[in-house]
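Numbering of residues begins at 1 and proceeds along the displayed sequence.
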Amino acid sequence: MRLLVDTHLLLWASGQPERLSPLARALLSDPAHELTYSSASLWEINIKLGLGRSDFHVDPRLLRRGLLANGYREVAVTGEHTLELEVLPLHHRDPFDRMLLCQARVEGSTLLTSDATLGLYGEPVRLV
C-alpha cells in the first residue's frame, strides 16, 4: 500500500514519535508500505515556521533529508493535483490538507492522517 503521510504525522514521526498512535507506528514501520510525503508539507512547514507556530518548529531541509534517507519518496505538486481541487467538497478549509488529499486521490495513495476533519472525505483517507 502506498501511504501519503500528512504534515503533522511527519513532524511527530521525526521529532515526537510518542505522539503517534500505535496504529500509525505500525503502518509507518511496515516494510510492505511505500511511504511518501508531499512537497506541499515542506511548503506548509516553511510558511508556519515563518509565522512563529511552535508546532512547526523544525528545519524543513533536515526533515527532507531525513525522510529521503529513510526511504520516503517525495511527491511534487502537479497541475493534475491542483485540478482535483475543483471536484473536492469543501469539508476542510486548510489549503495544505486539501492539496494532500488531492495528491492522494490522483496518485492512488492512502492519506494517513490524525485530522478528523479530513476523515469526512472517506476514501482515500485513513485516520490513525
Side-chain angles (χ1 to χ4, degrees):
M1 174 186 326
R2 182 180 311 132
L3 300 175
L4 178 63
V5 183
D6 88 347
T7 307
H8 272 97
L9 292 181
L10 290 173
L11 292 171
W12 295 344
S14 69
Q16 298 174 300
E18 67 279 0
R19 294 193 66 180
L20 294 171
S21 71
L23 178 57
R25 275 191 225 111
L27 290 168
L28 293 174
S29 64
D30 186 337
H33 296 147
E34 178 187 352
L35 301 177
T36 66
Y37 71 94
S38 173
S39 60
S41 289
L42 298 177
W43 181 20
E44 178 180 17
I45 290 166
N46 262 315
I47 288 172
K48 293 182 178 175
L49 184 62
L51 294 172
R53 290 265 308 259
S54 62
D55 55 335
F56 285 85
H57 197 255
V58 65
D59 181 333
R61 285 178 183 82
L62 291 177
L63 177 62
R64 181 176 186 266
R65 190 177 313 140
L67 290 169
L68 294 172
N70 284 289
Y72 283 71
R73 184 178 60 84
E74 185 173 274
V75 179
V77 176
T78 68
E80 189 175 4
H81 299 143
T82 61
L83 293 173
E84 185 71 13
L85 286 166
E86 185 176 57
V87 298
L88 195 65
L90 197 58
H91 299 311
H92 203 300
R93 299 214 180 260
D94 184 292
F96 296 105
D97 288 331
R98 290 173 55 79
M99 179 52 65
L100 295 179
L101 178 57
C102 289
Q103 287 181 295
R105 288 170 57 146
V106 169
E107 299 296 323
S109 299
T110 297
L111 177 58
L112 201 60
T113 185
S114 62
D115 185 335
T117 304
L118 278 171
L120 296 173
Y121 288 100
E123 290 292 325
V125 176
R126 175 118 187 231
L127 290 174
V128 293

Just so I know, are the side chains of [X] and [Y] near enough to count as touching, which here means a heavy-atom distance under 4.5 Å?
X: L90; Y: R98; answer: yes
X: F96; Y: I45; answer: no
X: T78; Y: H81; answer: yes
X: L11; Y: L63; answer: yes
X: L10; Y: Y72; answer: yes
X: T110; Y: H33; answer: no

Any idea which heavy atoms bring [X] and [Y] closest together, and the distance?
X: A104; Y: L111; result: CB-CB, 3.9 Å
X: L3; Y: L112; result: CD1-CD2, 4.1 Å
X: A40; Y: Q103; result: CB-OE1, 4.4 Å
X: V58; Y: L49; result: O-CD2, 3.5 Å
X: P124; Y: S109; result: CB-O, 3.2 Å
X: L127; Y: D115; result: CD2-O, 3.2 Å

Going from [atom1] on [X] to [atom2] on [Y], what distance comes out if it is rounded to the nearest 0.5 angstrom?
X: D59; Y: N46; atom1: CG; atom2: CG; value: 8.5 Å
X: L85; Y: R105; atom1: CG; atom2: CZ; value: 9.5 Å
X: M1; Y: L27; atom1: CE; atom2: CG; value: 6.5 Å
X: S14; Y: L62; atom1: OG; atom2: CG; value: 10.0 Å
X: Q16; Y: L9; atom1: CD; atom2: CG; value: 12.0 Å

Worked verdict on D97 versus L101 for side-chain contact (heavy atoms from CB on, under 4.5 Å)
CA-CA 6 Å; D97 288 331; L101 178 57; over 6 Å; no
Applying salt bridge (charged side-chain N to carboxylate O under 4.0 Å, His left out), can you list everything that pairs with R53, at least two apart in sequence or on another chain?
D55
Hits for salt bridge (charged side-chain N to carboxylate O under 4.0 Å, His left out) against R64, two or more places apart or cross-chain, chain-then-number order -> E74
If Ile, Leu, Val, Met, Phe, Trp and Tyr residues are connected whenever their side-chain heavy atoms lie under 4.5 Å apart, and connections chain through other members, are [X] and [Y] in the same group?
X: L88; Y: M99; result: yes
X: L118; Y: V77; result: yes
X: L68; Y: V5; result: yes

Tell me, please, which residues at least two apart from R19 pass side chain to side chain donor-acceptor pair (under 3.5 Å).
none
In sequence, state the C-alpha distance, the side-chain angles, and the governing distance for L100 and T7, and then conclude on side-chain contact (heavy atoms from CB on, under 4.5 Å).
CA-CA 9 Å; L100 295 179; T7 307; 4.0 Å; yes
Quick one: ring pair (Phe, Tyr, Trp, His ring centres under 6.0 Å) partners of H8, sequence neighbours excluded?
W12, F56
Residues that Y121 engages under ring pair (Phe, Tyr, Trp, His ring centres under 6.0 Å), provided they are two or more places apart
H91
Among side-chain atoms of S54 and H57, is any donor-acceptor pair under 3.5 angstrom?
no
Strictly by salt bridge (charged side-chain N to carboxylate O under 4.0 Å, His left out), give each pair with a member in residues 30-52 just once, sequence neighbours left out.
R2-E34, E34-R73, E44-K48, K48-D94
Criterion side-chain contact (heavy atoms from CB on, under 4.5 Å) on E107 and L4, from CA distance to verdict
CA-CA 9 Å; E107 299 296 323; L4 178 63; over 6 Å; no
